[in-house]
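Residue numbers start from 1 in every chain, and the chains themselves are labelled A, B, ... in the order their sequence lines are given, proteins ahead of strands.
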There are 2 protein chains.
Amino acid sequence: MARPREFDPEEAMDKAMRLFWDVGYEDASLSELLATMEITKGSFYKAFQDKHSIYLAALDRYDETVISETVRYLSDRNLGSGRTRILGLFGKVAELARRDGDRMGCLLCNALVDKAAEGGETEAKLQAMVLRLENGLFRALMERAGADEVLSRETARGLLSIYLGLRVLGRAGLSAAMAGDCIRQVERLLADPRA
Amino acid sequence: MARPREFDPEEAMDKAMRLFWDVGYEDASLSELLATMEITKGSFYKAFQDKHSIYLAALDRYDETVISETVRYLSDRNLGSGRTRILGLFGKVAELARRDGDRMGCLLCNALVDKAAEGGETEAKLQAMVLRLENGLFRALMERAGADEVLSRETARGLLSIYLGLRVLGRAGLSAAMAGDCIRQVERLLADPRA
DNA sequence: TCAGTTAGGAACCGAATGGTACCGAATTTT
DNA sequence: AAAATTCGGTACCATTCGGTTCCTAACTGA
């Protein structure tokens with residue numbers, strides 16, 4: 001072994017992820033990446049292979065942090081009933097929207113639209129993340145007494161769509177106005193415990 | 001007047017719109033644009049000012065065609081009740097998803113995420129389109145006997161979110177599985193005539 | 001017919017793109 | 001202390017980017 005790194009790879013990755021999150025794949029030029037990651041080209045290409053690789057890695061990181069945290073929240077029985085936690089999730093989005101308009105949106109959602117470089121690998125990652133969210137919602141729904149599996153699956157997918165739609169609206173600064181109203185609709189979908 | 005154009009500007013614009021729709025602003029390189037529009041640079045820059053201008057024009061065109069058509073559908077009383085028309089709209093999305101997976105999604109939705117070059121002008125256009133959709137849904141809801149204005153507004157926004165979320169999922173080839181389930185949730189939101 | 005105008009196309013532009021090669025400096029191992 | 005290794009940084013690369021200029025061919029109106 002020899003000279004150790006002068007930067008924290010995780011920290012740099014995190015900054016890269018946030019840039020991709022904010023501006024997407026193509027708009028995140030290499031020089032912009034280097035600037036926000038605060039490393040130089042040499043370090044970049046040595047630590048991460050190339051732009052596309054770090055994008056994939058950024059998606060993984062999003063999965064491991066934000067998505068995982070969300071799923072964990074949805075399945076944490078200490079936070080109340082499944083219904084409460086689902087409403088809590090949407091409440092968080094609403095709060096985000098109230099604060100800064102949620103202009104960054106959701107990286108998963110942005111990437112779904114971006115389809116950047118859209119190798120099959122990217123798409124598979126995105127699909128897996130979507131499924132994890134859907135299942136998180138589904139399991140929270142299934143906790144309720146008398147819950148029906150088929151109906152809960154349908155409801156989970158409806159809630160997922162509302163969630164993604166809301167985050168999309170955030171990109172244009174519209175979710176602040178929408179979030180509250182959407183939560184009302186979430187409540188209505190949660191009204192029937194079977195679903 | 002002198003030598004007339006050898007191409008149909010509307011037709012060319014239409015092709016440009018579809019390219020932006022498919023791959024977004026940045027990924028639609030100038031050469032790709034010229035290839036799909038089947039014109040050369042000279043003609044391009046003479047007929048349309050530059051790339052950003054034609055993008056804005058493409059958004060306008062989407063507004064005048066797809067969005068307008070959707071709003072018209074939602075307000076066409078010959079097609080049945082407001083409820084029927086709203087379900088019909090989602091049915092169309094489901095059919096699109098069944099056929100090709102709706103991989104192009106919705107240009108409005110894609111652009112919301114893209115925020116391409118995101119001048120205030122772009123965002124204003126997008127916001128206006130979103131509002132038109134929302135109002136289309138709202139008016140269809142308000143047709144129902146005993147409809148409440150506030151509740152219908154909330155419901156319209158919930159439906160809008162489902163709609164956008166569904167189109168996002170289409171980009172990753174997921175809406176075919178989701179569309180049917182989402183329609184069930186739309187039905188549930190339509191259950192109470194006051195909303 | 002012919003002057004005036006506008007189309008289409010090619011050549012060309014500087015800047016920025018993602019990516020590579022290589023260098024000297026720093027640090028560990030022997 | 002010396003050898004081995006790997007760092008950060010710079011210079012450089014071909015390619016592509018969006019955009020301009022200019023020339024010629026084609027068409028119109030008088």
Query raised in the report: Contact class for Phe44(B) vs. all strands (heavy atom < 4.0 Å): base, sugar-phosphate, or nothing?
Result: nothing
Query raised in the report: When you check the phosphate oxygens OP1 and OP2 of dG18(D), does a side-chain N or O of Ser31(B) lie under 4.0 Å from one of them?
Result: no
Query raised in the report: Does Thr40(B) place a side-chain N or O at less than 4.0 Å from the phosphate oxygens OP1/OP2 of dG8(C)?
Result: no
Query raised in the report: Leu30(A) side chain: which of dC22(C), dG8(C), dG18(C) is closest?
Result: dG18(C)
Report task. Could you state the atom-to-atom distance from CG of Asp50(B) to P of dC13(C) in whole Å? Result -> 22 Å
Query - Closest-nucleotide ordering on DNA chain D, the 5'-leading residue of Ile39(A) and Glu32(B) - result: Ile39(A)
Query - Ion pair check, Arg153(A) and Glu134(A), cut-off under 4.0 Å - result: yes
Requested in this report: Examine the base of dG8(D) for any acceptor or donor lying under 3.5 Å from a partner atom in the side chain of Lys41(A), and report the outcome as yes or no.
Outcome: no
Query raised in the report: Can Arg132(B) and Ser68(B) be counted as having a side-chain donor-acceptor contact under 3.5 angstrom?
Result: yes
Report task. Grab the OH-P distance between Tyr25(B) and dC17(D) for me, whole Å please. Result -> 13 Å
Query raised in the report: Checking Lys15(A) against Phe20(A): charged group under 6.0 Å from the ring centre and within 45 degrees of the axis?
Result: no
Query - 5' precedence on DNA chain C between Glu6(A) and Gln49(A) (nearest-nucleotide basis) - result: Gln49(A)
Requested in this report: From the options dC22(D), dG19(C), dT20(D), select the nucleotide whose nearest atom is closest to the side chain of Tyr45(B).
Outcome: dT20(D)
Report task. Under 4.0 Å between any heavy atoms, over every strand shown, what does Ala47(B) touch: base, sugar-phosphate, or nothing? Just pick one. Result -> nothing
**Report entry** dA16(C) phosphate, OP1 or OP2, under 4.0 Å from Ser29(A) side-chain N/O
**Finding:** no
Query raised in the report: Does a side chain donor of either Ser152(A) or Thr155(A) reach within less than 3.5 Å of an acceptor in the other side chain?
Result: no
Requested in this report: Rounded off to whole Å, could you give me the CZ-to-P distance for the Phe7(A) and dC7(D) pair?
Outcome: 8 Å
Query raised in the report: Do Leu133(B) and Ile67(B) have side chains that get closer than 4.5 Å, going by heavy atoms?
Result: yes
Report task. Please confirm whether any donor atom in the side chain of Lys46(B) sits under 3.5 Å from an acceptor in the base of dG8(C), or the reverse. Result -> yes
